[in-house]
Amino acid sequence: MDEIILFPTTLNGTINDRFFTKVRDIATIAARIGITSDLFDRTLFYVKGGAAYARDEYRVTSQFSASSCTEGGEIVLFSLIDGGGGLNCSAVNGSGSWSGNQNRWGWMAGIGLEFGLFDNWSAKIEYDFLGFGSRNVTLNGSATASCEGELCQLRDPTFAFSRTFSINENIQVIKLGLNYRFNWGKGKAPVVASY
């Protein structure tokens with residue numbers, strides 16, 4: 001059994017994460033209400049609101065390094081064993097990657113302007129804000145490390161584990177559109193004969 005003896009220890013380390021997000025799918029379900037300036041005006045100012053959906057892909061890559069020096073002892077599996085003095089140092093370097101997907105539901109609000117061009121054609125410009133709030137996302141992956149020095153006890157340099165991140169997501173969208181309105185359900189005006 002290892003005897004635990006405390007010695008002055010210096011430990012330094014850094015980790016650099018690069019986080020990538022890709023929105024794969026986006027959808028909204030909304031209702032809109034608007035107003036024109038007068039009865040014959042062809043310009044509609046409107047607001048809209050409803051629900052929003054997004055399917056996201058997340059990926060994290062990491063580079064990490066750590067160094068440790070202990071005076072008068074030896075680090076073995078997180079315990080110190082009396083080594084009779086001296087300075088023992090080790091360095092660990094590695095990299096890892098983690099990924100995952102998540103479906104998110106939230107809310108949306110927007111404003112827009114639609115202008116009637118001719119007949120059944122209109123053009124619009126619209127701004128939408130989609131709010132999905134903050135959620136925890138668990139990403140699965142693995143890291144590979146290499147260790148150099150007298151204090152290293154790495155048996156398997158590759159190890160799998162999960163990482164959890166809190167992600168706050170909002171999406172802003174500007175839409176330009178050209179609309180055509182079908183006259184479905186509207187019959188022809190009756191023919192009236194005059195004598």
Side-chain angles (χ1 to χ4, degrees), residues 10-35 43-68 77-78 90-115 117 121-149 152-181:
T10 303
L11 179 63
N12 295 306
T14 60
I15 183 167
N16 295 315
D17 286 335
R18 295 191 68 187
F19 199 92
F20 304 91
T21 301
K22 187 174 212 176
V23 178
R24 288 307 234 173
D25 300 305
I26 190 171
T28 59
I29 301 170
R32 72 178 185 168
I33 187 169
I35 188 169
T43 303
L44 173 70
F45 299 94
Y46 63 89
V47 295
K48 63 188 293 189
Y53 165 83
R55 174 145 180 88
D56 299 325
E57 289 182 358
Y58 304 106
R59 187 168 54 92
V60 174
T61 59
S62 296
Q63 299 286 329
F64 56 89
S65 63
S67 62
S68 175
L77 298 177
F78 304 106
S90 292
V92 176
N93 295 299
S95 62
S97 64
W98 297 265
S99 62
N101 300 319
Q102 187 177 62
N103 294 323
R104 289 184 161 216
W105 282 95
W107 58 273
M108 69 86 58
I111 58 171
L113 173 70
E114 187 169 348
F115 181 75
L117 299 173
W121 290 93
S122 67
K124 73 173 181 179
I125 184 168
E126 180 178 301
Y127 167 79
D128 294 330
F129 182 88
L130 288 63
F132 295 100
S134 185
R135 289 209 184 125
N136 287 336
V137 178
T138 301
L139 307 181
N140 298 310
S142 63
T144 301
S146 63
C147 185
E148 297 178 6
C152 293
Q153 296 294 321
L154 287 177
R155 289 182 175 84
D156 184 0
T158 302
F159 42 97
F161 61 96
S162 298
R163 295 180 68 186
T164 300
F165 298 88
S166 179
I167 298 174
N168 185 27
E169 181 178 19
N170 297 312
I171 298 175
Q172 298 182 63
V173 179
I174 294 179
K175 296 180 185 177
L176 299 173
L178 185 63
N179 303 321
Y180 181 81
R181 285 178 177 72

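Note that the structure is predicted; figures quoted are calculated from it, not measured.
Atom CD1 of I33 sits about 13.5 Å away from atom OH of Y46, to the nearest 0.5 Å. For the atom pair K124 NZ and L113 CG, the distance stands at 11.5 Å (nearest 0.5 Å). If you take CG on N136 and OG on S166, they are separated by 5.0 Å, rounding to the nearest 0.5 Å. With rounding to the nearest 0.5 Å, the separation of CG in D17 from CZ in F165 is 5.5 Å. Atom CZ in F115 sits 14.0 Å away from atom CD1 in I125 (nearest 0.5 Å). Note that CZ of R59 is 8.5 Å distant from OG of S99, once rounded to the nearest 0.5 Å.
The two residues F64 and S95 have their closest heavy-atom pair at CE2-N, 3.5 Å. Taking every heavy atom of both residues into account, N140 and S162 meet most closely at OD1-OG, 2.5 Å. When all heavy atoms of L44 and I35 are compared, the pair lying nearest together is CD1-N, 3.5 Å. The minimum heavy-atom distance linking A52 with F132 is given by the pair O-CE2, 3.7 Å. In terms of heavy atoms, N168 sits closest to S134 at OD1-N, 3.7 Å.
For the residue pair D25/Y53, the side-chain donor-acceptor check at 3.5 Å is not satisfied. No donor-acceptor contact under 3.5 angstrom links the side chains of S146 and N93, judged on distance only. A side-chain donor-acceptor contact under 3.5 Å links S65 and T14.
Inter-residue side-chain proximity for I167 and Q102 is flagged as unmet; no heavy-atom pair is nearer than 4.5 Å. Between K48 and D128 there is a side-chain heavy-atom pair separated by less than 4.5 Å.
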- Message: Could you walk me through whether S62 and V60 satisfy the side chain to side chain contact (heavy atoms under 4.5 Å, CB included) test, starting with their C-alpha distance in whole Å, then the side-chain angles of each, then the deciding distance to 0.1 Å, before giving a yes or no?
- Response: CA-CA 7 Å; S62 296; V60 174; 3.9 Å; yes

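No donor-acceptor distance shorter than 3.5 angstrom exists from the side chain of W98 to the backbone of T138, with no hydrogens or angles considered.
For the salt bridge (charged side-chain N to carboxylate O under 4.0 Å, His left out) with E57, the lone residue among K22, R104, R24 that qualifies is R24. The only option from N170, T28, V23 that meets the side chain to side chain contact (heavy atoms under 4.5 Å, CB included) definition with L130 turns out to be T28.
For the pair R32 and E114, the salt-bridge criterion is met [side-chain N within less than 4.0 Å of a carboxylate O].
No more than 12 heavy atoms of other residues, nucleotides or ligands sit less than 6.0 Å from atom CD1 of I29.
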